[in-house]
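Following: one structure in structure tokens, then a few remarks.
Every chain is numbered from 1, with letters handed out A, B, ... down the list of sequences.
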Amino acid sequence: MTPRSTPWVAASGTAAAFLVALGAGILVLLVLSPSPLGTLSAFFTGPFSSGLALGNGINEALLLTLTGLGAALAFGSGAFNLGGEGQIALGGLTVLALSLVLPPVWGLFGALLLLVAATAVSGALSGLSGLLRSRFHADEMITTFLLSAAVLPLVDALMTAPGFSDASSQMIQSRAIPSAFWLPGLLAPSSLNIGVFLALPLVAVFGVLVNRTVWGYRLRLVGRNREFARYAGVSVRLYRWLPLVLSGGLQGLAGALAVLGTQHAVVQGFSSGWGWNGVAVALIARTNPWFVLPAAVLLAFLDQASRWVVLGGSFPFQLSALFQAFILFFITAQVIPLWRRR
Amino acid sequence: MITLDRVTKTWAENGVRACDTISWTIAGGQVIALLGENGAGKSTLVSLIAGLQELDSGTITVDGVPLSRQFSAKKARIFLVPQHPPLAPELSLAQNALVGQSSKGWWKPGYRQRWTRVFQTLAQQWNFALDWSKPGRLAAAVEIQRVALVTQFLRQPRLLILDEPTAALPQPEAAALLGHLRDWTRSSGGSVLLITHKLDEALLWCDKIAVLRRGQLVAEVRPSETDAEQLGRLLFPERDTDLERGPTNTPTGVVVWERRGTASDFVLHRGEILGLTSLQGEGTEALEEELTGFQPLEAGRHLLLGDDVTNLTIRELRQRGLSYVPSDRMGRGSSPLSALVSNLIPHRAGSLSRKGLLPRRSVWAWFHALQSRYNLSGEAEQRLITLSGGTIQKGILAREIEHGPRVLILAEPAWGLDRAARNVLWSLVRDAAAQGTAVVVLTTDPLELLENCHRVGALRSGALRALRPVSDWNADQLGRVLLGLER
């Protein structure tokens, strides 16, 4: 059989790698667990055992879809956005700051405005890396990461600054945002909210944009071989910075959704993991937006399942991190040789 | 003494047997020239000797010990200075040169400064003007090559292999370098293997001259036993003529492209196939970059149908009807890891789209039409890299001519292709010319031009030395002009 570049064929390879990783994880789980059967059952049924569990899982899948889409968009254009964490936090902070200014009577319209603002601000942060790349040849892989690393402590400091801080809380977090802007919850008391209805349309928009438009074709061309794209007359510059802006914007949107829909405040370290796991989602999806949704759902499921196992008491450590390590290992082991051949 | 015994290497990518049972002995204390036409297998042979590629069969022994994983070419102190040496862009030239040097005393303060002084001293001795603190990314090609020369020389080689070291060096500098290297072989017992296209250099500075042709070692002579004439005949034998070849149309008088005010001016007519050739590094490479807008023109102008198009970008040139098949097919001319259809469609993506969307159905229809029109094999979603070299080049050419461009620039179009693929390629170019496209062919393979062009010109040191109708040339003459034996 001749090797194809059909996305579906590539996806089957990724699915196989995923199953191997899952098998390896379960093997470790069985070997280390005192009661293997109970653990296994908790692992597979736990995430679906209640509305709370299911809602939390779906909400996590939503956030991972957004951060994964963002990472995939940048990767697809040959740029690397490793600043997801900082961009998420900045999105949250933007929501907090503006929510204290907007009149509460604006309600859901105000919430929409806040989402857009967070997207724009985080997009600008990521776009700055694109600018640094085109002006000073600074590697965006490094600048996105460093800018994010600089933004994180800044957000932490600002959330407890006068005006933003919440003196009554024991946790390090800001004061709550006005409840008028809270996104209505679903499946209470889980963290799920109406923000979830953004996931499918966004995946569809970016799936079509990347896979079915001239714009997306050129983006992929720049990502695969920049010199060829330039030779073919594509404006390479545009396709270097614009995907970074969109990528950062999606991370900011995820941060804003977490704050407006779930936490209703900016909590220290609230972005932890989503940015990096978004990178994992993008790798699993092989930077194709269509596959971001299943990849995000799978990672969210694994995370929730691991939590259930750990909650059940039969596990002393963070199983979820182990699973992710397995998955990243097997999938990158498959992907990297392809990238090296360029 | 380094001995090659029936060394053979076939490239899996295109099936070309680049080295064919080569047996050869390289004695110590000598400067040896390795000559050969483009594609004769020189670079492959030296990369095998330097241990950068694995042999298919045969052995290489150094003083009786065969090279192997345990006894590598590096351990045998065989070092190669490639034509385009790799270099870390963010490190200074001195730091780059430090890579590979002895790390003895690296922890002592002043280690770096001491080595930098060593570099500076040697560079001065060789008359190399180099700023060692300059970052690699700002270094010009000639500087990079100088740094690599200094680096490899200081590693105390048993055999130092230089791939066209003098192509980019000005004449006096090149002569001084070769003089130094010859003195060094006398005093150290080390050897230098010099790949070159310059016959006078080989005759003047080398102890022996070896000639490669189509992967085989066809001659090894002493300079005193031969002359440039004989070497020229060894390098460029007459090729058997093929009567089917040659352009079928007569170009009209309409001037499509003009290059003015440069050392290599020419005018190009509608329907004309103009061939320009040079030895490697003598002009065709630079011309490719300039004609296609990848390198700005330092002096002079380009006119397309009378409009000034000097220093427009490739994007703007394409909009005005220029098409281009680059010599770097996999790096610039295609995206090897993308699907075949993605590689063929870039110039059509805009016109096939509706409101930005690329409808699958029209893309497929277009693809299949192109496929049957040019008899292209392969499936739309197949990765380009899985196709053969000939098929890829045919696809690239089809992509560049299917919309009937005004001007077509072809750089090394037939390189590495077998005879059948070449025939197909040239018949497509002939058809395009017959339809009115003006074609410029740039290649280091002169015979290819004599068989397929209306007019042929020879470049030397970047200047156009002779431009005549193809009927006024023969292979011998063209070879002599290229080698500088005749004006």
Side-chain angles (χ1 to χ4, degrees), chain A residues 1-13 75-78 136-139 141-142 204-239 286-288 335-342, chain B residues 89-90 135 137-138 292-294 312-320 322-326 328-360 363 377-387 396 399-400:
Chain A
M1 196 189 94
T2 49
R4 307 284 174 77
S5 65
T6 316
W8 294 104
V9 177
S12 69
F75 288 179
S77 74
F136 305 108
H137 301 284
D139 192 334
M141 180 150 67
I142 291 166
V205 164
F206 282 104
V208 168
L209 198 64
V210 170
N211 291 309
R212 292 294 169 89
T213 64
V214 184
W215 190 86
Y217 165 73
R218 288 179 183 149
L219 174 108
R220 283 179 286 136
L221 214 54
V222 172
R224 276 281 166 77
N225 184 348
R226 214 173 308 156
E227 175 78 358
F228 176 55
R230 179 179 165 213
Y231 153 86
V234 174
S235 165
V236 173
R237 255 195 185 181
L238 175 75
Y239 291 93
R286 289 178 175 244
T287 76
N288 188 335
V335 168
I336 281 174
L338 288 178
W339 285 4
R340 258 204 207 129
R341 269 164 60 187
R342 283 204 290 210
Chain B
E90 299 306 323
R137 75 188 137 85
L138 297 182
T292 55
F294 275 80
L312 293 190
T313 63
I314 176 74
R315 187 180 157 78
E316 292 159 330
L317 287 170
R318 278 192 180 285
Q319 283 160 2
R320 290 166 180 251
L322 180 128
S323 263
Y324 163 37
V325 175
D328 181 3
R329 291 172 205 163
M330 304 309 251
R332 181 181 286 174
S334 68
S335 172
L337 291 182
S338 300
L340 174 61
V341 64
S342 303
N343 272 287
L344 294 178
I345 211 173
H347 313 322
R348 282 293 164 136
S351 61
L352 283 172
S353 69
R354 298 231 165 72
K355 292 182 182 144
L357 284 176
L358 261 180
R360 283 267 157 114
V363 169
S377 54
E379 287 175 55
E381 296 283 359
Q382 189 171 355
R383 273 180 200 279
L384 187 84
I385 192 145
T386 61
L387 296 162
I396 292 175
R399 176 187 74 206
E400 297 298 320

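- For chain A, the nearby parts of Leu357(B) are the backbone and the side chain; heavy atoms of each come within less than 4.5 Å.
- Panel note: side chain Arg224(A), backbone Leu337(B); a donor-acceptor pair is recorded below 3.5 Å.
- Asn343(B) touches chain A through backbone and side chain together, each having a heavy atom under 4.5 Å away.
- The shortest distance between side-chain heavy atoms of Ser353(B) and Tyr217(A) does not fall below 4.5 Å.
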What verdict does the side-chain contact (heavy atoms from CB on, under 4.5 Å) test give for Arg137(B) and His137(A), after you've listed the backbone C-alpha separation in whole Å, the side-chain angles of each residue and the deciding distance to 0.1 Å?
CA-CA 11 Å; Arg137(B) 75 188 137 85; His137(A) 301 284; 5.5 Å; no

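- Neither the backbone nor the side chain of Leu352(B) comes within contact range of chain A; no heavy atoms are under 4.5 Å apart.
- Two residues are said to be in side-chain contact when any heavy atoms from C-beta on lie closer than 4.5 Å; Pro336(B) and Asn225(A) meet this criterion.
- With a threshold of 4.5 angstrom between heavy atoms, Glu400(B) approaches chain A through side-chain atoms but not through N, CA, C or O.
- Taking the side-chain hydrogen bond (donor to acceptor under 3.5 Å, both in side chains) definition, one finds that Ser342(B) meets it with nothing, sequence neighbours left out.
- Looking at Arg315(B) and Arg230(A), their side chains never come closer than 4.5 Å, going by heavy atoms from C-beta outward.
- The closest side-chain heavy-atom distance from Arg220(A) to Ser338(B) is not below 4.5 Å.
- Only the side chain of Arg318(B) comes within contact range of chain A, judged by heavy atoms closer than 4.5 Å.
- Of the atoms belonging to Arg399(B), it is side-chain heavy atoms, and not backbone ones, that fall under 4.5 Å from chain A.
- The two residues Leu221(A) and Pro346(B) come nearest to each other via the heavy atoms CD2-CB, 4.4 Å.
- Here Phe228(A) pairs with Tyr231(A) under the ring pair (Phe, Tyr, Trp, His ring centres under 6.0 Å) rule; sequence neighbours left out.
- Of the two parts of Arg218(A), only the side chain, counted from C-beta on, holds a non-hydrogen atom closer than 4.5 Å to a non-hydrogen atom of chain B.
- Of the listed residues (Gly293(B), Pro326(B), Gly331(B)), the greatest number of heavy-atom pairs within a distance under 4.5 Å of chain A belongs to Gly331(B).
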